[in-house]
J.: 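For reference, the structure I am asking about is given below.
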Amino acid sequence: MSPSESFAALFGYIDIATVCLWTTGFILFAVEYFRPLHGLMYSLGITLIGASFITRMMHGSPGEAFMFVFLTSIVMFVVHIVSLATQKRDWLRVARIKKSDGISRRYGSLIGKVGVANTPIDHTGNVAIDDINLVVYSEKPIPSGARVVITAVTPNRIIIEKLDEQE
């Protein structure tokens, strides 16, 4: 059997129910993949694709059913590659923003607190504030034992500055 005859045998005798189930399933699968909706569309899409497999197996040979599953797998892989190329991970950025907001609220009360540098601070170091050791960040080097004040809290840093001796 030539490739064109195989292709015609694979797609020539597919009934309309199989085509509708398969295309609707892929549309739902792609919608969930690019715009996450808590897995609802993904589950429904996979269920419809599975139903299209069943209807295809009822009306075709095992070889045709295998080719149908194989081609479906290739299309799913292409959807995955396209989603990676277009950076579908917007929902991760939203999750990071929510997490950073929680961190800012949790450590935001530390702004203005005074402590002592436990280690020499050259960009990063260790500071004791109210008997709590914190890993902090400073633009300027600060010697060990110097008094410091927390000036800002970002999602990934607690920023400090050295206090003048007069304060």
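Start at 1 with the first residue, then count along the sequence. All values below were derived from every heavy atom in this structure, side-chain atoms included, with hydrogens, water molecules and symmetry-related copies excluded. Predicted, not measured: the structure shown is a model, and the values here were computed from it.
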J.: For Met76, does the CE atom sit with more than 12 other heavy atoms under 6.0 Å from it, leaving out its own atoms?
T.: yes
J.: To the closest 0.5 Å, what do you measure between CG (Leu134) and CD1 (Ile132)?
T.: 6.5 Å
J.: Would a single hydrophobic cluster contain both Tyr137 and Ile150, if residues Ile, Leu, Val, Met, Phe, Trp and Tyr are joined by side-chain heavy-atom contacts under 4.5 Å?
T.: no
J.: Group every Ile, Leu, Val, Met, Phe, Trp and Tyr by side-chain heavy-atom contacts under 4.5 Å, then state whether Val116 and Ile160 land in the same group.
T.: no
J.: Carefully, step by step, assess Glu161 and Val148 under the rule side chain to side chain contact (heavy atoms under 4.5 Å, CB included).
T.: CA-CA 6 Å; Glu161 289 181 2; Val148 296; over 6 Å; no
J.: If you look at every heavy atom in Val127 and Asn118, which pair is closest and at what distance?
T.: C-ND2, 3.9 Å
J.: About how many Å separate CG of Leu48 and CG of Leu28, when rounded to the nearest 0.5 Å?
T.: 6.0 Å
J.: Ala128 and Asn133: which non-hydrogen atoms are nearest, and at how many Å?
T.: CB-OD1, 3.6 Å
J.: So how far is it from Phe29 CZ to Thr72 OG1, rounded to the nearest 0.5 Å?
T.: 11.0 Å
J.: Kindly indicate whether the side chain of Pro120, heavy atoms from C-beta on, has any atom under 4.5 Å from the side chain of Ser144.
T.: yes
J.: Is it the case that one hydrophobic cluster holds both Val69 and Val19, taking links as side-chain heavy atoms less than 4.5 Å apart, direct or via other members?
T.: yes
J.: I would like to know whether Thr18 and Thr55 meet side-chain hydrogen bond (donor to acceptor under 3.5 Å, both in side chains); could you show each step before the answer?
T.: CA-CA 6 Å; Thr18 302; Thr55 60; 2.7 Å; yes
J.: Out of curiosity, Asp131 CG to Ile129 CD1, how far, rounded to the nearest 0.5 Å?
T.: 11.0 Å
J.: Take atom OH in Tyr42; do more than 12 heavy atoms of anything else shown fall under 6.0 Å from it?
T.: no
J.: Do Val149 and Ile159 sit in one hydrophobic cluster, given that two such residues count as connected whenever their side-chain heavy atoms are within less than 4.5 Å of each other, even indirectly?
T.: no
J.: If you round to the nearest 0.5 Å, how far is CD1 of Ile121 from NZ of Lys140?
T.: 13.5 Å
J.: Taking all atoms of both residues into account, what is the closest heavy-atom pair of Ile142 and Lys162, and its distance?
T.: CD1-N, 3.8 Å
J.: Between the side chain of Thr119 and the main-chain N/O of Asn126, is any donor-acceptor distance below 3.5 Å?
T.: yes
J.: Check Glu139 against His123 and note the closest heavy-atom contact, atom names and distance.
T.: O-CE1, 4.1 Å
J.: Ignoring hydrogens, what is the shortest heavy-atom contact between Leu21 and Ser52? Give both atom names and the distance.
T.: CB-CB, 3.8 Å
J.: Is there a path from Ile46 to Val75 through hydrophobic residues (I, L, V, M, F, W, Y) whose side chains come within less than 4.5 Å of each other?
T.: yes
J.: Ignoring hydrogens and geometry, is there a side-chain-to-backbone donor-acceptor pair from Ser138 to Pro141 under 3.5 Å?
T.: no
J.: Give the minimum heavy-atom separation between Val114 and Arg147, together with the two atoms involved.
T.: CG1-NH2, 3.3 Å
J.: Quick one: CH2 on Trp22 to CD1 on Ile49, what's the gap to the nearest 0.5 Å?
T.: 7.5 Å
